[in-house]
Visitor: 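Following this message is one structure expressed as structure tokens.
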Amino acid sequence: MSRFVLVAVLLILPVALRATVIVPIDFRELVITTPVIVHGRVTDVRSAFTDGRRSVETFVTIAADEYLKGDLGEHVTFKVPGGEIGRYRTVFVGAPGFTRGDEVVLFLRTQRAALPFIVGLNQGAYRVVADRQSGRRMVTAPIVMGNGGLGVEPVVRGAPTRRPLPIEAFRDVVRDVLAQGAAR
């Protein structure tokens, strides 16, 4: 009897199922294939209904301090899937969250006349935070990143590949990858 009830409930309730699959992208590939890499500070975060009020997206504006690749102007507004308006909320697994004042390095892509978006969801959003001991500005890597096709890489606390880099060293790594990519 319980199986019959379960089947009946599943047939009666129209449910739209969606899934997000995040394929880890190697840092080198991220740098080379992304048209815009910008370092800046978040100045505005707003959510709005989209798709006929069926979902919510967040629109984030940053003041660009510098471009490591490409150029979208002094202020850049990009969209992030998911967001919250009053009692309505759309959750998009893997989408980064932002607050006014966040310092970030973003890997952005644009499609035709649409707003830019972050490449690889949270994989294309690097946070810049002050080191507690030295006060230096450090770039932290996203949790999910590819390892160049070398197989499965577990997320390990304190792993050397996940250690924060000073912003100057991060810039140098990006420029080195770009130089190597141009030489090929």
Side-chain angles (χ1 to χ4, degrees), residues 9-10 13-65 67-70 72-73 75-129 138-149 152-157 159 161-162 164 170 174:
V9 169
L10 290 175
L13 297 175
V15 179
L17 296 177
R18 297 181 186 174
T20 302
V21 177
I22 300 175
V23 178
I25 185 170
D26 177 60
F27 182 76
R28 182 173 307 285
E29 181 182 350
L30 182 66
V31 171
I32 291 170
T33 62
T34 302
V36 177
I37 304 171
V38 60
H39 170 222
R41 189 167 301 275
V42 175
T43 59
D44 189 39
V45 179
R46 296 175 192 225
S47 293
F49 286 108
T50 59
D51 196 23
R53 294 185 59 94
R54 293 191 309 175
S55 66
V56 178
E57 287 188 345
T58 301
F59 299 89
V60 181
T61 302
I62 65 166
D65 291 338
Y67 283 91
L68 302 174
K69 185 178 182 185
L72 294 174
H75 294 277
V76 180
T77 299
F78 59 95
K79 68 179 178 177
V80 179
E84 186 172 355
I85 300 175
R87 65 185 181 109
Y88 298 99
R89 183 180 207 181
T90 300
V91 176
F92 198 96
V93 176
F98 297 94
T99 58
R100 179 177 276 166
D102 286 349
E103 185 178 356
V104 292
V105 176
L106 301 171
F107 292 75
L108 300 173
R109 178 170 285 139
T110 58
Q111 289 181 334
R112 297 188 181 114
L115 286 176
F117 58 92
I118 300 171
V119 175
L121 295 173
N122 64 359
Q123 296 176 85
Y126 286 72
R127 307 291 174 165
V128 181
V129 296
M138 308 292 279
V139 178
T140 59
I143 292 197
V144 178
M145 283 302 293
N147 61 0
V152 177
E153 180 179 355
V155 176
V156 179
R157 184 178 185 150
T161 57
R162 293 216 9 91
F170 184 82
V174 169

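Residues: numbered from 1 along the sequence shown. Side-chain atoms are counted along with the backbone in the values below, which use heavy atoms only and exclude waters and symmetry mates.
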Visitor: Around Tyr88, counting heavy atoms of other residues, nucleotides and ligands shown, do more than 12 lie under 6.0 Å from its OH?
Guide: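 Counting other residues, nucleotides and ligands, OH of Tyr88 stays at 12 neighbours or fewer.
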
Visitor: State, yes or no, whether a side-chain contact exists between Arg100 and Asp44 at a heavy-atom distance under 4.5 Å.
Guide: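 The answer is yes; the side chains approach within 4.5 Å.
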
Visitor: Contact between Leu72 and Val38 at the side-chain level, heavy atoms closer than 4.5 Å - yes or no?
Guide: no

Visitor: Would a 4.5 Å heavy-atom cut-off, applied to side chains only, mark Ser47 and Thr90 as touching?
Guide: no

Visitor: Would you say NZ of Lys69 has more than 12 non-hydrogen atoms from neighbouring residues, nucleotides or ligands within 6.0 angstrom?
Guide: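 Result for NZ/Lys69: enclosed.
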
Visitor: Looking only at non-hydrogen atoms, find the nearest pair between Pro96 and Ile118 and report the distance.
Guide: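 For Pro96 versus Ile118, the nearest heavy atoms are CG-CD1, 3.8 Å.
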
Visitor: Establish, yes or no, whether the cationic atom of Arg127 lies under 6.0 Å from the six-membered ring centre of Phe98 and within 45° of the ring axis.
Guide: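 So Arg127 does make the cation-pi contact.
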
Visitor: For Thr43, does its backbone N or O pair with a side-chain atom of Thr61 as donor and acceptor, under 3.5 Å?
Guide: no

Visitor: Please tell me if the side chains of Pro35 and Thr110 come closer than 4.5 Å, counting only heavy atoms from C-beta onward.
Guide: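 They are not in contact (no side-chain heavy atoms under 4.5 Å apart), so the answer is no.
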
Visitor: Atom CD of Glu57 and atom CD1 of Ile85: how far apart are they, to the nearest 0.5 Å?
Guide: 10.5 Å

Visitor: Flag the pair Thr58 / Val45 as yes when at least one side-chain heavy-atom distance between them is below 4.5 Å, and no otherwise.
Guide: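 In short, these two side chains touch, coming nearer than 4.5 Å.
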
Visitor: Donor-acceptor pair, distance only, cut-off 3.5 Å: does the side chain of Gln123 make one with the backbone of Ile25?
Guide: yes

Visitor: Do Thr50 and Val56 have side-chain heavy atoms sitting under 4.5 Å apart?
Guide: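 No; the side chains remain at least 4.5 Å from each other.
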
Visitor: Do the non-hydrogen side-chain atoms of Leu115 and Phe78 ever get within less than 4.5 Å of each other?
Guide: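 Contact flag for Leu115/Phe78 side chains = no.
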
Visitor: Out of Asp65, Val105, Val104, which residue meets the side-chain contact (heavy atoms from CB on, under 4.5 Å) rule with Val128?
Guide: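 That would be Val105; it is the only one of Asp65, Val105, Val104 passing the side-chain contact (heavy atoms from CB on, under 4.5 Å) with Val128.
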
Visitor: Within a strict 4.5 Å, meaning less than it, do heavy atoms of the Phe117 and Gln111 side chains meet?
Guide: yes

Visitor: Which of parallel (below 30°), tilted (30 to 60°) and perpendicular (above 60°) describes Tyr126 and Phe170?
Guide: tilted

Visitor: Have a look at Val119 and tell me which of Thr34, Leu106, Val36, Thr33 forms a side-chain contact (heavy atoms from CB on, under 4.5 Å) with it.
Guide: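 Exactly one pass, corresponding to Thr34.
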
